[in-house]
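All remarks here apply to the structure that follows.
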Amino acid sequence: MRVTINQIKEMKQKGEKIVMLTSYDYSTARLVESIGIPMILVGDSLGMVVLGYETPIPVTMDVMIHHTKAVVRGTSKAMIIGDMPFMTYHTSTEDALRNAARFIQEAGAQAVKLEGGITVAATVKRIVDCGIPVMGHLGLTPQSVYQLGGLKVQAKSLEAAKRLIEDSVVLEQAGAFAIVLEAIPFKLAALITKKISIPTISIGAGPYCDGQVQIINDILGLFTEFVPKHAKQYVKMADIMSGAITQYYNEVRAGQFPTEKHSFIIDEAVFKELEK
Ligand code: KIV
C-alpha cells in the first residue's frame, strides 16, 4: 500500500515535517522514492522545466497522464499526486470529475491537486465525495499568471491576506487533505498552518508550514534560466552534465570512445569464414 492521506494528516498532528518533491519521469521518480519522500507531485510545472513553455498553460490532460504514468511505474510506496492542468476543472463539475478520475484510473495516481479557493470549493467537494483525494493550491497559482500579472508574491495586502485565510478554511471544509501555499509571506503561512487542521505545504511560503515542496529541476540546478528566491540549488547538475557531454563529444571526435571494451565480439571461427 502506498502512503495514504491519513498518514500525511497524522504527520501534521505529530509535528513531523512533510517532504514533497516533483518528478516527471520514471528514473527520477525511482530515485526520489528511494530517499523515502512520501509524496511525489507530477506538477504542471513540467510545462516549463521539461517541455520549455513559458507558463504551465499549454499543458494538457494527455501530457499530464503520460508523465504521471511514468512516475507511477517508477514507484511503489510514495503517494503520487497528479496536477490538474489549466481549464480541466473549471468548465463544469462533470469535466473536473472526469479529468480527476483519469489521473486515478488511467494514470494510477492516488490524489489530484488543483488551484484556487472559494471558486473551486464545490468542485473539490464533489471530487472528494466521489472518493478522490484532493490537494488544494493557494497564493501564487501559476495557471492564473495572466490574471495575477506575473509570477509574483501574493496576499501582501490586508484584504488579500484575509481572502487567502478564508480560501484555506473553505478548502479544508470542502474536504481537501492538504494545501500547497505558494509565494506568500511566511507569517501569513504560519497563521494559516495554525488555523487549519490539514497540512500546509510550502513553496515560497516559509519554514513554518507543515511541509515543503520544491520543483526537482530547481533543487538539482537543472533549470538554468533562473533560480526562484524560494529555491535552494543543492547541486549544479547542469554544469556536471555539461562536463560529461563535453567529455563524450571530445572522446568521440578523438577516436577514444568507444573502445573494444564497449563493443561486442564475434566467434573467431565465424569471422574467419566471413573473411574468406
Ligand atoms: O506544478 C507544480 O510543480 C506545482 C508546485 C509548484 C507546487 O504546482
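Every number for a ligand or one of its atoms is a count from 1 in the order of the listing.
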TODO: Write out all pairs satisfying salt bridge (Lys or Arg N to Asp or Glu O under 4.0 Å) with one or both partners inside residues 13-27, taking only residues at least two apart or from two chains.
DONE: none
TODO: Identify, with sequence neighbours excluded, every residue that meets salt bridge (charged side-chain N to carboxylate O under 4.0 Å, His left out) alongside Asp129.
DONE: Lys125
Show me the donor-acceptor pairs, under 3.5 Å and distance only, between side chains in residues 172-190 and residues at least two apart or in other chains.
residue: Glu172; atom: OE1; partner: Ser197; partner atom: N; Å: 3.3
residue: Glu172; atom: OE2; partner: Ser197; partner atom: N; Å: 3.1
residue: Glu172; atom: OE2; partner: Ser197; partner atom: OG; Å: 2.3
residue: Glu182; atom: OE1; partner: His137; partner atom: NE2; Å: 2.9

Task: Electrostatic pair Glu273:Lys276 at N-O distance under 4.0 angstrom - done: yes
- [ ] Return yes if a side-chain donor-acceptor contact under 3.5 Å exists between Tyr89 and Gln143, otherwise no.
- [x] yes
TODO: Check for a donor-acceptor pair, side chain of Thr75 on one end and backbone N or O of Val72 on the other, with a separation under 3.5 Å.
DONE: yes
May I have a table of the N/O to N/O pairs between ligand 1 and the protein that fall below 3.5 Å, each row giving the two atom names and the distance to 0.1 Å?
residue: ligand 1; atom: 1 (O); partner: Asp44; partner atom: N; Å: 3.1
residue: ligand 1; atom: 1 (O); partner: Asp44; partner atom: OD1; Å: 3.0
residue: ligand 1; atom: 1 (O); partner: Ser45; partner atom: N; Å: 3.0
residue: ligand 1; atom: 1 (O); partner: Ser45; partner atom: OG; Å: 3.3
residue: ligand 1; atom: 1 (O); partner: Asp83; partner atom: OD2; Å: 3.1
residue: ligand 1; atom: 3 (O); partner: Ser45; partner atom: OG; Å: 2.5
residue: ligand 1; atom: 8 (O); partner: Lys113; partner atom: NZ; Å: 2.9

